[in-house]
There are 6 protein chains.
Amino acid sequence: MRPSGRKLDQKRSVSIETGVMKHAEGSCLIKVGDTHVLCSASVEERIPPFLRNTGLGWVTAEYGMLPRATNTRNRREASQGKQGGRTVEIQRLIGRSLRAGIDRSALGERQITVDCDVIQADGGTRCAAITGGWVALRMAVNTLLKAGVISSDPIIDHVAAVSCGIYAGQPVLDLDYAEDSSAGVDGNFVMLGDLRMIEVQMSGEGSVFGRAEMNTMLDLAEAGITELVAAQKAAL
Amino acid sequence: MRPSGRKLDQKRSVSIETGVMKHAEGSCLIKVGDTHVLCSASVEERIPPFLRNTGLGWVTAEYGMLPRATNTRNRREASQGKQGGRTVEIQRLIGRSLRAGIDRSALGERQITVDCDVIQADGGTRCAAITGGWVALRMAVNTLLKAGVISSDPIIDHVAAVSCGIYAGQPVLDLDYAEDSSAGVDGNFVMLGDLRMIEVQMSGEGSVFGRAEMNTMLDLAEAGITELVAAQKAAL
Amino acid sequence: MRPSGRKLDQKRSVSIETGVMKHAEGSCLIKVGDTHVLCSASVEERIPPFLRNTGLGWVTAEYGMLPRATNTRNRREASQGKQGGRTVEIQRLIGRSLRAGIDRSALGERQITVDCDVIQADGGTRCAAITGGWVALRMAVNTLLKAGVISSDPIIDHVAAVSCGIYAGQPVLDLDYAEDSSAGVDGNFVMLGDLRMIEVQMSGEGSVFGRAEMNTMLDLAEAGITELVAAQKAAL
Amino acid sequence: MRPSGRKLDQKRSVSIETGVMKHAEGSCLIKVGDTHVLCSASVEERIPPFLRNTGLGWVTAEYGMLPRATNTRNRREASQGKQGGRTVEIQRLIGRSLRAGIDRSALGERQITVDCDVIQADGGTRCAAITGGWVALRMAVNTLLKAGVISSDPIIDHVAAVSCGIYAGQPVLDLDYAEDSSAGVDGNFVMLGDLRMIEVQMSGEGSVFGRAEMNTMLDLAEAGITELVAAQKAAL
Amino acid sequence: MRPSGRKLDQKRSVSIETGVMKHAEGSCLIKVGDTHVLCSASVEERIPPFLRNTGLGWVTAEYGMLPRATNTRNRREASQGKQGGRTVEIQRLIGRSLRAGIDRSALGERQITVDCDVIQADGGTRCAAITGGWVALRMAVNTLLKAGVISSDPIIDHVAAVSCGIYAGQPVLDLDYAEDSSAGVDGNFVMLGDLRMIEVQMSGEGSVFGRAEMNTMLDLAEAGITELVAAQKAAL
Amino acid sequence: MRPSGRKLDQKRSVSIETGVMKHAEGSCLIKVGDTHVLCSASVEERIPPFLRNTGLGWVTAEYGMLPRATNTRNRREASQGKQGGRTVEIQRLIGRSLRAGIDRSALGERQITVDCDVIQADGGTRCAAITGGWVALRMAVNTLLKAGVISSDPIIDHVAAVSCGIYAGQPVLDLDYAEDSSAGVDGNFVMLGDLRMIEVQMSGEGSVFGRAEMNTMLDLAEAGITELVAAQKAAL
C-alpha cells in the first residue's frame with residue numbers, strides 16, 4: 001500500500017558515516033533512504049550574551065537545504081536575503097531537541113553549533129538532521145573530553161527523531177516524500193534513548209486525528225527511535 | 001501551588017468581545033486572564049498564486065505583539081526589519097489550525113487573513129490568538145454568507161487552543177507567564193469543537209516526559225477546549 | 001457641508017482611558033472619533049550612545065498601525081521587512097514633539113519610549129498619537145517621581161496636536177478620513193498647553209494656500225488644542 | 001551676530017549651472033553658499049500602478065548625500081541596506097513640492113524622477129534640492145514640449161524653497177550649518193513663484209515659537225523665495 | 001618548499017564523482033585535494049526577462065559554502081541576510097566562465113543554473129567549482145539532447161579553471177589554503193579545452209608582479225588545465 | 001574604426017581637478033572623456049577589528065553611481081536595500097588596488113576610506129575611480145604628513161588603472177561605452193607607476209583570447225598607465 005512497498009511499521013534503511021568534514025570537531029553524513037543530511041558540530045569558546053557568567057553552555061543548530069536537494073530547484077535562502085519560516089521552525093526544533101539531551105552545566109560556558117545541511121531530500125529531513133546532528137554533537141563532546149577541556153561527560157542520553165503520519169487512512173512509520181506530500185496527518189517525535197519524549201509535533205492540515213490514532217503513532221515512533229539509536233551506536 | 005492560586009485543572013477566565021474594529025469583516029478582543037489579543041479577519045477577493053484556478057480558498061494568519069505587551073519592552077519587529085523566529089512559528093501554527101476547520105472548497109477562491117495582535121501578554125498568547133482568531137473568522141464568513149457571496153457555510157466546526165504543561169512536577173492547564181517561564185514541559189493543543197485534534201505540540205527544554213504525563217495533559221486540554229468553545233458560542 | 005455634519009470649527013469627541021496596559025509605566029487608549037490609538041510609555045535605564053555622560057535623558061517614539069486599522073487591509077510592516085516612509089516621518093514627529101515638552105536634564109540619563117499603535121484609523125492618527133502619547137509619558141514620569149528615581153518634575157507643559165485643513169474650499173478643524181483624503185491642504189499643529197507652537201506642518205498636494213488661510217487654520221488649531229489639553233487633564 | 005557675518009535677512013549667494021549631466025533630460029548643479037546639490041530629471045514612459053488609466057502623470061524625487069559631503073564621513077546608505085528616516089522625509093517633501101507646481105493632467109501618463117544628490121553640505125540641502133530640482137524638471141518638460149511628446153506646458157509656476165529659523169533668539173533667513181545645528185527653531189518654506197505656499201514645516205526641538213515669530217519668518221521666506229525664483233529664471 | 005611537499009608545477013590530485021544528487025539533471029562531487037565541491041545543474045524552461053524572445057538560453061551559477069567547510073565556522077549567509085561580496089564575485093565568475101563554453105543559441109530559451117556548494121575548503125574553491133560545474137552542465141545538456149528537447153549540442157568545449165600564484169617568491173601551480181593565505185600574488189585562470197583563455201584574474205595584495213612572472217604562471221596554468229580536462233573526460 | 005574615431009592605441013583625454021569637496025582630507029573630480037568620477041579620501045582614527053594592535057593601517061573604498069549617470073536611469077542602490085554584485089566587485093577591486101601602493105605599517109593604525117561616485121558614465125568607471133581615488137588618497141596622506149600625524153610617507157608609488165579590450169577583432173586601449181558594450185574581451189589593468197602589475201582582470205563573455213592578444217593588450221595598457229600617471233602628477 002505504501003508507494004515504496006514498505007510495511008506500515010517499516011523504517012527506511014539508515015546509514016551514518018562519521019568524520020566526513022575534516023575541519024569540524026564532529027561530523028557525519030546520515031542517509032535515511034534517499035534523504036541525505038550532512039551534519040557538523042563546531043565548538044566555540046564563546047557563549048550567547050544571556051548566558052554569560054551562568055556557568056551554562058549552549059547548543060544551537062542551523063539548518064539549510066541545497067537548492068537542488070529537491071525535485072525542482074528551490075531559491076537559495078542566502079540570495080533571497082532571509083531564511084524562510086520552515087527553515088527557522090526546523091532549526092529551532094533541532095536546537096531544542098539536542099539541548100534536552102545535554103547537561104549544559106557540565107558543558108561549561110562554551111557553545112556547540114550543529115549545522116545540518118540537506119544534500120538530498122526525500123521526506124523526513126528534520127528527523128534525519130536531529131538523529132545525525134546528535135552523532136556530530138557526541139563526537140564534538142568526545143573531542144572536548146579527550147582534550148581535557150571538560151572533565152565529566154555532559155551527554156545525558158541519545159537523542160533521535162522519527163516521523164509518523166496517517167497515510168491513506170493508516171498510521172505509518174517514517175514517511176518519505178511521496179507519503180508526506182499527501183498525508184492527512186504528519187507527526188515528528190523526538191525522544192531520548194530511554195524513549196522518554198522531548199518533543200511531539202503532530203499536525204493535520206485538512207485533516208484531524210483522535211487519541212487512538214495518536215497512540216498508534218506513538219507506538220510506531222518508539223520502535224523507530226529504538227532502531228535509530230542502534231544506528232547511532234553502530235556509527236560511533 | 002500555582003502562582004495564581006488556581007487549581008491544577010483550572011483555566012483562567014475568558015472573555016470575548018466582538019466587533020471591536022469597525023473596518024474588519026470580523027473582529028474580537030479575547031482576554032484569557034491578563035493575556036489580551038485583538039483579532040481581525042479580512043476578506044480579500046484574491047488568492048495566493050499556487051491556488052489559482054483550483055476553486056479553493058485560503059485562510060492565513062499573521063501574529064504580532066505590541067512592544068510593551070510584555071514586562072519589559074521588546075524591540076518592534078517592523079523596526080528590526082524582520083519577524084523573529086517565534087513570530088513566524090506562531091503565525092504558521094494559527095494559519096494551519098484555522099484552515100483545519102474550514103472547507104476551502106466551499107469558501108471559493110478568496111483569502112481570509114486573520115491578524116492576531118497581542119495587546120498584553122501573560123502566557124498562552126498563541127492559544128488565545130487561535131481561539132479568538134476563529135471567532136473573527138466565523139464573523140467574516142457570516143458576512144460573506146449574508147451578502148450572498150458564498151452560499152454554503154465553509155466552517156466545519158469550532159477551532160480552539162489551550163496550553164498544558166508540567167509545572168513543579170505536576171501537569172497543569174492553561175499556563176500563565178509565571179508558570180510558562182519555569183515549566184519543564186510546555187504543550188499546545190488545538191482541537192475542533194468535537195475534540196478531535198488538529199495540532200499537538202509538546203516540547204521539553206531541559207526536561208522530558210512520558211506517555212502517562214502526555215495522557216494527563218490531553219485530558220486537561222480536552223476540558224479546557226470544551227470551556228473555550230462555550231465562550232466562543234456565547235460571544236457570537 | 002462636512003461629511004460628518006460637524007461645524008467648521010468642531011472637533012470630534014475625545015476620550016482618554018488610562019492604565020490599559022498593565023506592564024507599561026504609563027499607558028492610555030485615546031479615541032478621537034473613530035480614530036483609536038493605544039499609547040504606552042516605557043522607561044529604560046539606558047540612553048542612546050550620543051547622550052552618554054551628558055546628564056540628559058531622551059524621549060523617543062515609535063508608531064505602528066494594525067493591518068486592519070484601515071478600510072482595506074495594509075501589509076504588516078514587520079513582514080515587509082521595513083517601516084514605510086510615512087511611519088518613519090510620523091514617529092520622528094511624535095518624538096520631536098514630546099521632547100519639546102520635557103526638560104531632559106531633569107529627566108536624567110534614562111530613556112522613555114512612547115509606543116503609539118493605531119487600532120482603528122479614521123484620519124488624524126498622528127495627532128491622536130501625540131496627544132495620547134503625552135498622557136502615557138506624563139504617567140511614566142509620575143511613576144519615576146513617586147519612586148524617587150527623579151526628584152524634580154521634568155514635564156514643562158502639556159503637549160497636544162490637532163489637524164486643520166482646507167476642505168471644499170473652507171478651513172476646517174480636525175479632519176476625519178473622508179475629509180483628509182480629499183482635502184487640498186492638510187496641516188498638523190503641535191502646541192504646548194500655553195499654545196506656543198512646537199511644530200507646524202502644512203502641506204498642499206495639488207493645491208496651495210495663502211497667509212490668510214494659514215492664519216484661520218492657526219486660530220482653529222488653538223481652539224482645538226485647548227480642548228485636547230482639557231481632555232488630558234480630565235484623564236489624569 | 002551670524003557666524004557668516006550675514007545680515008538677518010541676507011541669503012547666501014546662489015548659482016545654478018544647467019546641463020551638467022549629459023544623459024539626463026534636465027540637470028543642474030545648484031550652489032547655495034557651500035551647499036552643492038546635483039539635480040537631474042529623468043523622463044520615463046511608465047507610471048506607478050495606482051495611476052494607470054487615469055490620464056495623470058507623476059513627478060517623484062529621490063535624495064542622496066555623498067558620504068563625505070559632510071564634515072565627518074557618513075555611512076553610505078546603499079551599504080547600510082536602507083535609506084535613513086531623514087532621507088525618506090526629505091525625498092517625500094521634494095516630490096510633494098514639485099508636484100504642486102505641475103498640472104499632472106497636461107503631463108500625461110509618464111513619470112519624471114528628480115534625483116537630488118548632495119555633493120557638499122552646509123545646511124539647507126533640502127531647500128537647495130527643491131529649488132535646483134525644479135530647474136531640472138523645467139528642462140525635462142521643455143525637452144518633452146520640443147519633441148512634441150506633450151503639446152501644452154504642464155508647469156504651473158516656479159517652485160522654490162528656503163529655510164528660516166530662530167538663531168540666537170533672532171529670526172534669520174537661509175541658515176547655514178553653523179546656525180542650523182544650534183537653532184532653536186528651524187523652518188522650511190516651499191512656495192510657488194507667486195508666493196502662495198505649498199509646504200510650511202516649522203519645528204522646534206527644545207524650543208517653541210509664537211505667532212509673531214512665525215510671521216516674521218514668513219516675511220523673510222517670501223523675500224528669499226523671490227531671490228531664488230530670479231536665480232532660476234537667470235539659469236534657464 | 002611547498003607546505004604540502006608538492007613540486008612547483010604539481011597539481012593536487014583530482015577526483016570527480018558524477019550522479020551524486022538524484023534530483024538534478026547533472027551533478028558531481030569534485031575533490032581537488034581537500035577541497036570538495038558539490039555541483040549540480042538544474043534545467044528550467046524559463047529565461048531571465050532580458051532574454052525573452054531572443055532565442056538565446058542562459059547559464060548562471062550560484063556559489064555557497066557550508067558554515068564549517070573551513071577551519072573555523074563562518075556565519076551562514078542565509079542567516080546573515082545576504083551573500084557576501086566574495087560570494088557574489090565568485091558566482092558571477094563561474095557563470096561568465098560557463099557561458100563562454102556554450103552556444104546559447106543552440107541551447108534555446110531555457111536556463112541552466114549551476115549550484116556549487118563547498119563541502120570542505122582548502123584553497124581553490126572557485127576553480128574547483130568551475131571545473132566541476134562544467135561536468136554537471138555537460139550532463140544536464142546530455143539529458144536535454146537525449147530527451148530530444150534540443151537537437152544540436154550547444155557545448156563548444158570543456159571549461160576548466162586552475163589557480164597559480166607567487167608563493168615564497170616562486171610561481172606555483174594550484175595553491176592550497178596554506179599557500180593561498182600567505183601568497184603575495186594569486187591568480188585564477190579559466191580556459192577552454194583548447195587552452196584559449198576565458199578569464200584571467202591576477203591580483204596582488206601587498207605585492208606586485210612583472211610580465212615575466214605572469215608568463216610563467218600562464219605556462220603553469222596551461223599544464224594544470226590540461227590535467228583537469230583529462231579528469232573531466234574520465235569522469236563522464 | 002572606433003566609434004569615437006580614436007586610434008587603436010589612443011586614450012581619451014584625462015583631466016583631474018583637485019580640492020572639489022571642502023570637507024574631505026583629499027578629493028578630486030577625474031574626467032576620462034565623458035566618464036566623470038568624484039573621489040574623496042576620508043581619514044578616520046579607527047581601524048577594522050581584525051587589525052587592532054597590529055600597527056597596520058587600512059585603506060578601503062566604496063563605489064557608487066548616481067541614478068542618472070547612465071543613458072537610462074538606474075534604480076538607486078540605497079532604495080533597493082543593497083549594493084548590487086557589480087558595485088561590490090568594483091569597490092573591492094579599488095580597495096585592493098590602492099592598498100598595493102601603500103605601506104600600511106607607515107600609515108599606522110588608522111583607516112582611509114576612498115569614496116568614488118560616478119557622476120557621469122561612459123565606460124571605464126572602475127579605472128577612472130582607481131586613478132582618481134589614488135589622487136585623493138595621496139592628498140589625504142599629505143594632510144597627515146603636514147599635520148605631523150605620521151612621519152614617514154606610506155605611499156610607495158602611483159597607482160593607476162586602464163582598460164583594454166578586443167573590439168571588432170582588434171585590441172584597443174581605453175574602451176568607451178559604445179565599445180565596451182559590444183567588446184568580445186574586456187580587460188582592466190592596474191599598475192604601479194613603475195608599471196609592475198597589481199591586478200589584471202581579463203574576461204571574455206561569449207569570446208575567448210590567446211596569449212598573443214593578451215600581450216598586445218598589456219603593451220597598450222602600459223602606455224595608458226604611463227599617461228595616467230603623468231596626469232596624476234600634473235594634478236597634484
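Throughout, a chain's letter reflects where its sequence line sits, starting with A, and its residues are numbered from 1.
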(message) At a heavy-atom distance under 4.5 Å, which candidate from E/Thr87, E/Asp34, E/Val43 has the highest pair count against chain A?
(response)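 Result: the option with the highest number of such pairs is E/Asp34.
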
(message) Only pairs of heavy atoms separated by less than 4.5 Å count here; which of E/His36, E/Gln83, E/Arg76 has the most with chain A?
(response) E/Arg76

(message) Please report the interatomic distance NE2(A/His23) to OG1(E/Thr72), rounded to the nearest 0.5 Å.
(response) 9.5 Å

(request) Measure the CG-CG distance between A/Leu66 and E/Leu66 for me, rounded to the nearest 0.5 Å. (result) 6.5 Å

(message) At a 4.5 Å cut-off on heavy atoms, which part of A/Asp117 comes close to chain E: side chain, backbone, both, or neither?
(response) side chain

(message) Does any backbone or side-chain atom of A/Ser40 lie under 4.5 Å from a heavy atom of chain E? Answer side chain, backbone, both or neither.
(response) side chain

Measuring heavy-atom distances to chain A, does [X] have an atom under 4.5 Å in its side chain, in its backbone, in both, or in neither?
{"X": "E/Val20", "result": "backbone"}
{"X": "E/Glu62", "result": "both"}
{"X": "E/Leu38", "result": "side chain"}
{"X": "E/Ser79", "result": "both"}
{"X": "E/Thr70", "result": "backbone"}

(request) Sort by residue number and list every member of residues 138-162 of chain A having a non-hydrogen atom under 4.5 Å from chain E. (result) none

(request) Answer yes or no: are there more than 12 heavy-atom neighbours, outside E/Lys22 itself, under 6.0 Å from its atom NZ? (result)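 It does: E/Lys22 NZ has more than 12 such atoms within range.
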
(message) Salt bridge check, A/Glu25 against E/Arg68: does any charged N sit closer than 4.0 Å to a carboxylate O?
(response)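 Here E/Arg68 pairs with A/Glu25 in a salt bridge, since their nearest N and O are under 4.0 Å apart.
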
(request) Taking all heavy atoms of A/Ile119 and all of E/Met21, pick out the closest pair and write down the distance. (result)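 A/Ile119 and E/Met21 have their closest heavy atoms at O-CE, 3.3 Å.
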
